[in-house]
Participant: 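To start, I am sharing the structure in question, which I have written as structure tokens.
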Amino acid sequence: MKLKHLFALALAAVSVTAFAHVGDAAHGHGGLLTGFLHPVTGLDHLAAMLAVGVWSAMTTRRLWLAPLSFAALLLAGALMAQAGVAFPAIEPMIAVSMLVVGLLLAARVKLPEVAGAVLVGAFALFHGAAHGQELAGGAALAGMVLGTATLHAAGIAMGLGLKRAHPWLPRVAGGLVALMGLNMAWGLLAA
């Protein structure tokens, strides 16, 4: 990775405007395409979902387990939010998810596979609740899960590539995701 690419990632990590949850006007309640694009258009979700895939690919043999858990519990969180279940501190928990997954990746922490799946699944409930508040309809939710699975697959591919790259690249990527989480938390505290 070239220095200019790292610089661009660092700038993105400190951007306060990187939140995905800007209301219904930006994302609408549309169909499959709207749902598919929803996780991709928010830098916080994009980074977290890619990081889950990268971390899983770099630290587990069953590299699909944590991403599958994330996608399933993302949908569960969205459905629960649409059913009226109140989730406390959604945005702070999304920030914490980025911080934790970023640090796990930066430190290349190897958790037992089931524990890792449970951890990212717990965070996915909050990501799902955020999406569920902004999307409606089965097509939009199916698109959201498909978009998430696509991001996880891209993250897994990146993780497999990073395994063969310089050992510091995954640490830098994880550090940037953790910084994004800290930045998001700081923005929430300052608001």
Side-chain angles (χ1 to χ4, degrees), residues 1 9 12-13 18 20 38-40 42-81 85 87-132 141-142 144-185:
M1 184 176 284
L9 286 172
H38 196 78
V40 178
L43 192 55
D44 53 348
H45 291 290
L46 177 71
M49 293 175 198
L50 286 172
V52 166
V54 172
W55 174 68
S56 184
M58 297 195 71
T59 61
T60 65
R61 287 179 19 166
R62 292 186 297 175
L63 50 91
W64 51 268
L65 188 59
L68 180 63
S69 171
F70 193 104
L73 288 169
L74 175 85
L75 179 59
L79 291 171
M80 290 167 66
V85 174
F87 282 78
I90 291 173
E91 293 294 333
M93 286 303 295
I94 290 172
V96 168
S97 76
M98 293 170 59
L99 175 63
V100 169
V101 174
L103 290 174
L104 289 172
L105 178 57
R108 295 187 73 167
V109 173
K110 293 183 180 189
L111 296 176
E113 291 172 341
V114 172
V118 168
L119 176 67
V120 300
F123 288 138
L125 286 170
F126 291 91
H127 284 266
H131 290 309
L141 293 181
M144 173 196 69
V145 172
L146 184 59
T148 296
T150 301
L151 290 172
H152 287 321
I156 289 170
M158 290 170 59
L160 293 174
L162 286 173
K163 270 184 157 178
R164 294 182 282 280
H166 296 292
W168 57 270
L169 282 176
R171 296 183 191 285
V172 170
L176 288 174
V177 172
L179 282 174
M180 290 173 69
L182 280 176
N183 181 62
M184 184 177 178

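Reckoned from all heavy atoms, side chains included, excluding hydrogens, waters and symmetry mates.
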Participant: Hey, what's the ring geometry for His152 with Phe70, parallel, tilted or perpendicular (30° and 60° as the breaks)?
Facilitator: perpendicular
Participant: When rounded to the nearest 0.5 angstrom, what is the spacing between CZ in Arg108 and CG in Leu104?
Facilitator: 13.0 Å
Participant: In the structure I gave you, are the side-chain heavy atoms of Val54 and Leu162 within less than 4.5 Å of one another anywhere?
Facilitator: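 Yes. Closest side-chain heavy atoms under 4.5 Å.
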Participant: At their closest point, which heavy atom of Leu141 faces which heavy atom of Ala78, and how far apart are they?
Facilitator: CD2-CB, 3.9 Å
Participant: Determine, step by step, whether Val100 and Leu119 satisfy the side-chain contact (heavy atoms from CB on, under 4.5 Å) criterion, reporting the C-alpha distance in whole Å, the side-chain angles of both residues, the deciding distance to 0.1 Å, and the verdict.
Facilitator: CA-CA 10 Å; Val100 169; Leu119 176 67; 4.1 Å; yes
Participant: If you take all heavy atoms of Leu151 and Pro39, which pair is closest and at what distance?
Facilitator: CD1-O, 3.9 Å
Participant: Just do the side-chain contact (heavy atoms from CB on, under 4.5 Å) check on Thr59 and Val109 with the steps written out, would you?
Facilitator: CA-CA 7 Å; Thr59 61; Val109 173; over 6 Å; no
Participant: Distance check, rounded to the nearest 0.5 Å: Glu113 atom CD versus Ser56 atom OG?
Facilitator: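 So the CD of Glu113 and the OG of Ser56 are separated by 7.5 Å.
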Participant: So how far is it from Leu75 CG to Thr148 OG1, rounded to the nearest 0.5 Å?
Facilitator: 9.5 Å
Participant: Could you give the distance from NE2 (His127) to CE (Met144), rounded to the nearest 0.5 Å?
Facilitator: 12.0 Å
Participant: Identify the heavy atoms of Ala106 and Arg171 that sit nearest to each other, and give their distance.
Facilitator: O-NH1, 2.8 Å
Participant: Classify the ring geometry of His38 against His45: parallel below 30°, tilted from 30° to 60°, perpendicular beyond 60°.
Facilitator: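 Tilted.
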Participant: How close do Phe126 and Pro88 get, heavy atom to heavy atom, and via which atoms?
Facilitator: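 So the minimum-distance heavy-atom pair works out to CE2-O, 3.3 Å.
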Participant: Taking Lys110 for the side chain and Thr60 for the main chain, is one N or O donor matched with an acceptor at less than 3.5 Å?
Facilitator: no
Participant: Show the numbers, then the answer: is there a side-chain contact (heavy atoms from CB on, under 4.5 Å) between Val85 and Leu79?
Facilitator: CA-CA 9 Å; Val85 174; Leu79 291 171; over 6 Å; no
Participant: Looking only at heavy atoms, what is the nearest atom pair of Ser69 and Ala117, with distance?
Facilitator: OG-O, 2.7 Å
Participant: Drop me the distance from Leu125's CG to Ser97's OG, to the nearest 0.5 angstrom.
Facilitator: 11.5 Å
Participant: Given side-chain contact (heavy atoms from CB on, under 4.5 Å), test Val114 with Arg62 step by step and report yes or no.
Facilitator: CA-CA 10 Å; Val114 172; Arg62 292 186 297 175; 4.3 Å; yes
Participant: Give, for atom CG of Asn183 and atom CE of Met98, the distance between the pair rounded to the nearest 0.5 Å.
Facilitator: 8.5 Å
Participant: Considering all heavy atoms of both residues, which atom of Leu74 and which atom of His131 are nearest to each other, and what is their separation?
Facilitator: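 Taking every non-hydrogen atom into account, CD1-CD2, 3.6 Å.
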Participant: Looking at Leu46, Asp44, Leu43, which one forms a side chain to side chain contact (heavy atoms under 4.5 Å, CB included) with Met180?
Facilitator: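 When side chain to side chain contact (heavy atoms under 4.5 Å, CB included) is applied between Met180 and each of Leu46, Asp44, Leu43, only Leu43 qualifies.
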Participant: With side chains defined as the heavy atoms from C-beta onward, is the minimum distance between Trp55 and Leu111 less than 4.5 Å?
Facilitator: yes
